[in-house]
Amino acid sequence: SGHHHHACGSHCAFCWPWSMFSQFFILNPKGDSIIFRDYRGDVPKSTPDVFYRHITTLKNEATPVFFISGATGASVETSSVDGVNFISIKQKGLYFVLTTRSNMSSSFGIEFLASIGKVIKDYIGVLSEESIRNNFVLIYEVLDEVIDYGYAQGTSTEELKSFVFNEPSVLVDRSSTQASSIISAVENAITSSGKKQVTAPGRASSRPVIGGSNPSKDREGANEIFVDLIEQLTVLCAGNGSVLRFDIDGSIVMKSFLKGSPDISITLNEDLVISSQGDRPSTYGSVILDDCNFHECVAASMETFNSDHTLSFSPPQGEFTLMNYRVSPFASGSSSSDSSSSGASTTQPLPFRVFPFVDIVAPNRLEAMFKVRGDIQGHGVHANNVVVKIPVPKSTQTCNWDMDYGVQGQSVEYKPTEGMVLWTIKKFGGASEHVLRLKVLLDSPVAASVKKELGPVSMEFSIPMYSCSGVQIKHLRVTERNKLYQPHRWIRYIAQ
């Protein structure tokens with residue numbers, strides 16, 4: 001295409017002579033090529049098959065970057081791709097892969113793949129196989145702008161607008177139960193006569209940021225901004241319930257559909273304290289951030305952030321992460337099971353606690369009971385799609401279970417090949433508890449180590465409208481000189 005090149009010196013990573021890619025392709029989980037673009041013709045077309053065979057052979061041990069040389073690729077199929085580097089990332093179950101014969105920086109390749117994934121998502125709204133197949137003409141047009149004869153160009157959604165002219169074909173995301181992205185499930189719109197709509201449907205933010213080349217085609221209601229505060233919890237508990245590790249990794253993710261370039265300011269709660277260089281202030285009742293970083297667009301307001309907790313910026317188009325932060329509620333030295341004894345009393349207690357009880361009832365028979373208690377605080381707040389994973393001993397012959405009488409919305413599945421029992425609870429309320437009893441028959445007498453093989457128990461869940469760390473968005477202001485400017489602002493909290 002050659003429309004836009006980096007006007008820079010020779011030391012730019014984008015233009016560095018050996019930062020050049022031969023091919024880019026996207027594979028589905030079965031290994032079929034959905035998108036395949038060959039930029040230089042110096043690598044055989046069989047690379048997708050070689051890549052898929054490599055990762056399926058190595059399974060969990062496959063690395064994101066690998067090199068095939070004559071020594072490793074002894075078979076006929078791989079000898080044709082002798083001397084090729086493969087760089088890949090996995091997003092939404094799809095493999096995004098670059099191949100190159102040059103000895104380039106692999107971290108640059110991974111970063112570049114993540115940027116390509118983000119640009120494609122901005123253009124087509126939902127990153128899924130169906131959506132990519134529906135928009136492949138548009139995606140090939142984007143790829144021809146992003147990579148030119150193997151050289152990386154720009155991956156800014158805003159800059160690409162002038163060069164990409166195809167319109168996206170929008171899909172409704174059916175897999176929106178996963179709260180991992182900004183398009184995930186929110187309660188459906190509540191609209192009744194006379195009442196104002198207070199919730200947007202989860203798919204509202206899954207449309208493309210780019211409406212195509214025709215600005216007059218802006219859809220009605222496109223003047224809005226979506227803000228997600230997503231928190232990932234990493235918790236490790238001992239068998240007696242005491243907490244060994246409790247980390248919260250949070251991020252504020254924004255997706256802007258605002259017209260023009262208005263200024264935005266976001267104010268977080270006043271009791272936020274950023275601990276500097278590992279010194280934890282002993283401010284009782286504060287939310288202490290152990291670590292945080294920000295998007296470059298907020299650089300100007302960083303000096304005053306510590307005093308007024310406000311970030312002011314003009315948002316770039318597309319989806320971006322405004323801020324990442326980390327909170328360790330027990331880092332003040334107490335590994336207590338009660339969060340109020342640590343310095344941060346505004347941090348919510350753990351949303352769930354698991355209590356395991358294991359009994360050896362016969363030489364080759366185990367009985368176990370798992371009680372899961374919900375401690376989610378707040379009126380009407382509940383967790384969705386809770387999955388409790390319980391590993392069982394390798395020598396298990398049969399596994400039977402029973403749940404509390406009359407429970408609904410729960411299911412149990414034993415997967416012998418994975419040695420795992422999956423206990424799914426569709427909806428888990430705040431102050432409630434559920435019990436699962438397992439009866440495990442072993443094919444050999446119980447060894448002393450078998451109790452340890454029953455576990456560790458892990459949980460997956462998503463709690464909408466819940467902040468575990470206590471970080472909150474107090475104000476979201478959009479300022480534009482035009483007084484008639486009335487944007488819609490949507491804020492969502494998700495704890496996982």
Side-chain angles (χ1 to χ4, degrees), residues 92 118 121-122 125-127 172-191 195-209 221-233 248-258 264-269 272 287 292 294-295 309 311 313 315-325 327 347-348 351 376-386 426-430 460-478 487-496:
K92 299 282 180 190
K118 179 191 166 298
K121 187 175 177 219
D122 281 345
V126 178
L127 215 49
V172 173
D173 184 27
R174 292 189 190 86
S175 64
S176 64
T177 48
Q178 294 230 295
S180 57
S181 71
I182 197 140
I183 59 175
S184 52
V186 170
E187 303 298 323
N188 278 340
I190 305 164
T191 41
K195 277 195 180 175
K196 211 173 176 190
Q197 181 173 329
V198 290
T199 350
R203 63 178 181 277
S205 60
S206 69
R207 62 177 191 265
V209 175
N223 197 19
E224 48 195 356
I225 184 161
F226 293 85
V227 182
D228 272 5
L229 192 146
I230 302 167
E231 294 192 336
Q232 303 269 359
L233 277 63
I248 300 168
D249 289 293
S251 55
I252 298 175
V253 181
M254 303 187 75
K255 193 167 186 178
S256 167
F257 296 94
L258 296 172
I264 290 182
S265 64
I266 280 188
T267 305
L268 304 178
N269 33 328
L272 266 191
V287 179
C292 54
F294 300 88
H295 190 273
H309 301 114
L311 296 168
F313 55 96
Q317 276 212 306
E319 191 177 306
F320 69 100
T321 301
L322 179 72
M323 172 186 181
N324 291 307
Y325 59 88
V327 177
T347 303
Q348 304 277 17
I376 310 166
Q377 301 191 339
H379 177 66
V381 179
H382 60 268
N384 295 329
N385 301 320
V386 177
K426 278 264 183 278
K427 193 171 176 178
F428 204 129
E460 290 174 7
F461 56 85
S462 165
I463 313 173
M465 304 319 288
Y466 187 73
S467 164
C468 212
S469 64
V471 175
Q472 289 178 325
I473 297 168
K474 291 292 185 189
H475 302 290
L476 171 60
R477 295 187 184 88
V478 180
H488 294 283
R489 295 160 299 172
W490 305 103
I491 297 178
R492 174 173 58 184
Y493 293 82
I494 303 163
Q496 295 174 297

Subject >> Reported CH2-to-CG distance for the pair W490 and L476, which is rounded to 0.5 angstrom >> reply: 12.0 Å
Subject >> Set of residues satisfying side chain to side chain contact (heavy atoms under 4.5 Å, CB included) with respect to H295, sequence neighbours excluded >> reply: C297, P316, F320
Original post:
What is the distance from atom CD1 of I248 to atom OH of Y325, rounded to the nearest 0.5 Å?
Top reply: 7.5 Å
**OP:** Please list, chain by chain and in numerical order, all residues satisfying side-chain hydrogen bond (donor to acceptor under 3.5 Å, both in side chains) with D249, sequence neighbours excluded.
**Re:** none
**OP:** Over all heavy atoms of both residues, which pair between V227 and M254 is shortest? Give the atoms and the distance, please.
**Re:** CG2-CE, 3.7 Å
**OP:** Output all residues satisfying ring pair (Phe, Tyr, Trp, His ring centres under 6.0 Å) with F428, sequence neighbours left out; order by chain, then residue number.
**Re:** F352, H434
**OP:** Kindly compute the distance separating NE2 (H488) from CZ (F226), expressed to the nearest 0.5 Å.
**Re:** 9.5 Å
**OP:** Report yes if the side chains of K255 and D228 come closer than 4.5 Å at any heavy-atom pair, otherwise no.
**Re:** no
Subject >> Where S469 and V327 come nearest, the two heavy atoms and their spacing >> reply: CB-CG2, 3.9 Å
Original post:
What closest approach, in Å, do A495 and L233 show between heavy atoms, and which atom pair accounts for it?
Top reply: CB-CD1, 4.4 Å
**OP:** Mind checking side-chain hydrogen bond (donor to acceptor under 3.5 Å, both in side chains) for S265 and listing every partner two or more places apart, or none if nothing turns up?
**Re:** none
Original post:
Which atom names give the shortest non-hydrogen contact between I264 and P315, and what distance separates them?
Top reply: CD1-CG, 3.5 Å
Original post:
In chain order, what residues pass the side chain to side chain contact (heavy atoms under 4.5 Å, CB included) check against S251, with sequence neighbours excluded?
Top reply: I230, V253, T321, N324
Original post:
With a 4.5 Å limit on heavy-atom distance, are the side chains of M323 and L268 in contact?
Top reply: yes
Subject >> Non-hydrogen atoms of P464 and V381 that approach each other most closely >> reply: O-CG1, 4.1 Å
Subject >> Check: M465 and R492 side chains under 4.5 Å, non-hydrogen atoms >> reply: yes
**OP:** Return the set of residues passing side-chain hydrogen bond (donor to acceptor under 3.5 Å, both in side chains) with K474 (not counting sequence neighbours), or none when no residue passes.
**Re:** Q472
**OP:** Applying side-chain contact (heavy atoms from CB on, under 4.5 Å) between S462 and each of I494, V386, N385, report the one that passes.
**Re:** I494
**OP:** Please tell me if the side chains of P487 and I225 come closer than 4.5 Å, counting only heavy atoms from C-beta onward.
**Re:** no
Subject >> Over all atoms of both residues, closest heavy-atom pair of P351 and I463 >> reply: CB-CD1, 3.7 Å
Original post:
Hey, what do you get for CG (N223) to CZ (R489), rounding to the nearest 0.5 Å?
Top reply: 11.5 Å
Subject >> Student check: side-chain heavy atoms of D122 and E319 closer than 4.5 Å >> reply: yes
Original post:
If you round to the nearest 0.5 Å, how far is CG of L322 from CD1 of I266?
Top reply: 5.5 Å
**OP:** Please round to the nearest 0.5 Å and tell me the distance separating atom OG of S467 and atom CD1 of I473.
**Re:** 9.0 Å
